[in-house]
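Notes follow once the structure below has been shown.
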Amino acid sequence: MIILLTGDDQFAIRQKLEQYKAELDSQWLELCYHRFPSSALEQAMSAARTPSLSGGKRLVVVEDCNLKQWGDTQLESLRYLAQMPDSTTLVFLATNVDKRLKIYKHLIKYGQCFELSLIPPWRTDLIAEAIATQAKQMKLRLPKDVVAYLAEAIGNDMTRAASELRKLAIYTNGQPIGLAEVQSLIPCQTQSNLQLAEAVRNGESETVVRLIDELLARSEPMLVMVATLLTQFRTWLWVKSALASGIQNNTEIAQLCNVGNPNRLYYLRQEVATMPLRTLIQAVTKLVDLEMLIKQGAVQANAIMPSLLAIARLFQPIHSK
């Protein structure tokens with residue numbers, strides 16, 4: 001069996017690998033389970049072609065495969081894919097792949113590709129579904145308001161979700177648990193930077209102050225805060241610019257604005273509807289300057305708040321009209 005696992009959902013990828021690993025004979029694990037870097041493809045293929053000494057299954061994993069950098073030499077190494085023993089599971093791990101590549105088409109000719117991408121952070125409905133599914137598998141009874149809170153608090157980090165749910169399972173020991181208890185056990189962290197971006201674009205100064213205080217109290221790096229804001233505001237600026245230039249097709253806008261999922265445009269259109277293009281340009285310019293100062297070590301923690309409040313004030317006239 002030949003598998004290509006691609007995507008940025010490391011939790012889902014680890015789960016898949018654990019499923020394949022569970023099929024091996026535990027007594028022969030050291031001889032039946034192998035991991036190789038992509039630079040050792042020839043050795044990986046040699047191991048994959050060798051029948052298991054136990055007579056059972058063998059699992060060979062090739063990590064960090066960058067198909068774009070693989071050429072004719074690697075393609076030659078893959079010539080034995082058709083002769084792979086049925087007892088071998090050969091897994092290639094890649095963050096992303098170009099499906100137009102000859103080497104990708106060769107892999108898929110003999111195997112399967114599973115795309116395991118993180119749920120977009122703005123799709124809290126899908127995140128909530130995933131958390132609810134995990135909780136059910138752990139026989140953990142969670143009310144809907146608790147699941148909704150966890151989706152907001154954890155975001156699309158399914159690795160953290162699994163860890164927090166295991167903690168709740170131990171804590172509850174099969175008993176029901178309420179929202180207040182969950183909030184005391186699991187602080188809201190992942191979404192705070194995105195919430196800060198929303199507060200800034202809405203000109204909500206009080207919320208901006210509160211979120212910055214909370215983030216700094218948790219020792220959130222200033223550079224991470226500003227980088228998240230800059231990424232979000234750049235996306236808003238690009239989408240607003242595309243719409244202002246007359247482009248209406250969501251797929252085309254997604255390609256131009258480097259938005260991975262065109263379905264996100266439904267939400268982005270609503271978010272930028274009342275945001276003036278000129279104000280977005282000013283905000284992005286200020287954020288770029290702030291990021292540069294932080295990288296140069298010229299900004300202290302107590303100086304980030306006035307800078308972000310100044311940006312938030314740019315958007316306040318929108319809501320006072």
Side-chain angles (χ1 to χ4, degrees), residues 1-38 44 47-48 52 56-67 84 86-97 99 104 107-108 110-142 146-172 174 182 185-186 189-191 260-261:
M1 183 166 60
I2 300 161
I3 304 292
L4 174 59
L5 297 182
T6 178
D8 53 6
D9 190 344
Q10 295 303 313
F11 175 74
I13 289 173
R14 283 198 299 271
Q15 279 192 314
K16 275 283 187 183
L17 289 178
E18 286 300 320
Q19 289 176 13
Y20 301 138
K21 193 174 176 180
E23 297 174 358
L24 304 178
D25 187 333
S26 59
Q27 295 182 348
W28 293 81
L29 196 59
E30 290 187 8
L31 297 176
C32 299
Y33 177 48
H34 313 275
R35 296 181 78 106
F36 294 92
S38 57
S52 171
K57 293 189 175 184
R58 179 187 295 276
L59 174 61
V60 178
V61 179
V62 186
E63 301 175 312
D64 300 322
C65 299
N66 188 337
L67 302 190
M84 202 66 59
D86 292 337
S87 59
T88 293
T89 299
L90 176 59
V91 181
F92 297 92
L93 303 181
T95 303
N96 54 68
V97 294
K99 296 181 180 180
Y104 170 81
L107 280 173
I108 295 307
Y110 298 103
Q112 296 176 278
C113 178
F114 294 98
E115 297 182 17
L116 303 171
S117 299
L118 284 171
I119 302 171
W122 64 91
R123 290 302 306 271
T124 52
D125 56 333
L126 296 181
I127 294 171
E129 287 180 17
I131 290 175
T133 299
Q134 281 196 48
K136 187 176 181 180
Q137 291 172 348
M138 296 181 183
K139 301 187 183 334
L140 184 59
R141 294 184 291 169
L142 298 179
V146 169
V147 172
Y149 169 75
L150 291 175
E152 179 184 349
I154 296 171
N156 62 350
D157 186 348
M158 291 298 108
T159 300
R160 184 189 167 202
S163 175
E164 299 290 12
L165 288 174
R166 282 194 294 269
K167 181 168 69 177
L168 288 178
I170 295 171
Y171 178 81
T172 59
V182 172
L185 291 167
I186 303 173
Q189 294 180 355
T190 306
Q191 292 294 311
N261 186 349

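Hydrogens, waters and symmetry mates are skipped; everything else that's a heavy atom, side chains included, is used.
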Shortest non-hydrogen separation from [X] to [Y] and the atoms involved:
| X | Y | result |
| --- | --- | --- |
| Ile131 | Ala161 | CG1-CB, 4.3 Å |
| Ala94 | Cys65 | CB-O, 3.3 Å |
| Leu90 | Ala48 | CD1-CB, 4.2 Å |
| Val62 | Ala44 | CG2-CB, 3.7 Å |

To the nearest 0.5 Å, how far apart are [atom1] in [X] and [atom2] in [Y]?
| X | Y | atom1 | atom2 | result |
| --- | --- | --- | --- | --- |
| Leu142 | Thr172 | CG | OG1 | 7.5 Å |
| Leu4 | Glu115 | CG | CD | 8.5 Å |
| Glu63 | Leu93 | CD | CG | 6.0 Å |
| Gln112 | Leu107 | CD | CG | 12.5 Å |
| Ile13 | Met158 | CD1 | CE | 14.5 Å |
| Ile186 | Glu164 | CD1 | CD | 4.0 Å |

Side chain to side chain contact (heavy atoms under 4.5 Å, CB included) assessment of Leu165 paired with Leu150: CA-CA 9 Å; Leu165 288 174; Leu150 291 175; 4.1 Å; yes

Let me have the donor-acceptor pairs involving side chains of residues 14-23, under 3.5 Å, with sequence neighbours excluded, atom names and distances please.
unit_1	atom_1	unit_2	atom_2	d
Arg14	NH2	Thr159	OG1	2.6
Glu23	OE1	Lys57	NZ	3.2

Residue list, ring-ring contact (aromatic ring centres under 6.0 Å, His included) with Tyr110, at least two apart or on another chain: His106

By side-chain contact (heavy atoms from CB on, under 4.5 Å) - contacts of Ser163 (at least two apart): Arg166

With sequence neighbours excluded, residues passing side-chain contact (heavy atoms from CB on, under 4.5 Å) with Ala12: Asp9, Leu116

Set of salt bridge (charged side-chain N to carboxylate O under 4.0 Å, His left out) partners for Glu129, sequence neighbours left out: none

Partners meeting salt bridge (charged side-chain N to carboxylate O under 4.0 Å, His left out) with Lys136 (sequence neighbours left out): none

Side-chain heavy atoms of Phe92 within contact of Ile2, under 4.5 Å: yes

Thr89 side chain near Leu24 side chain, heavy-atom distance below 4.5 Å: no

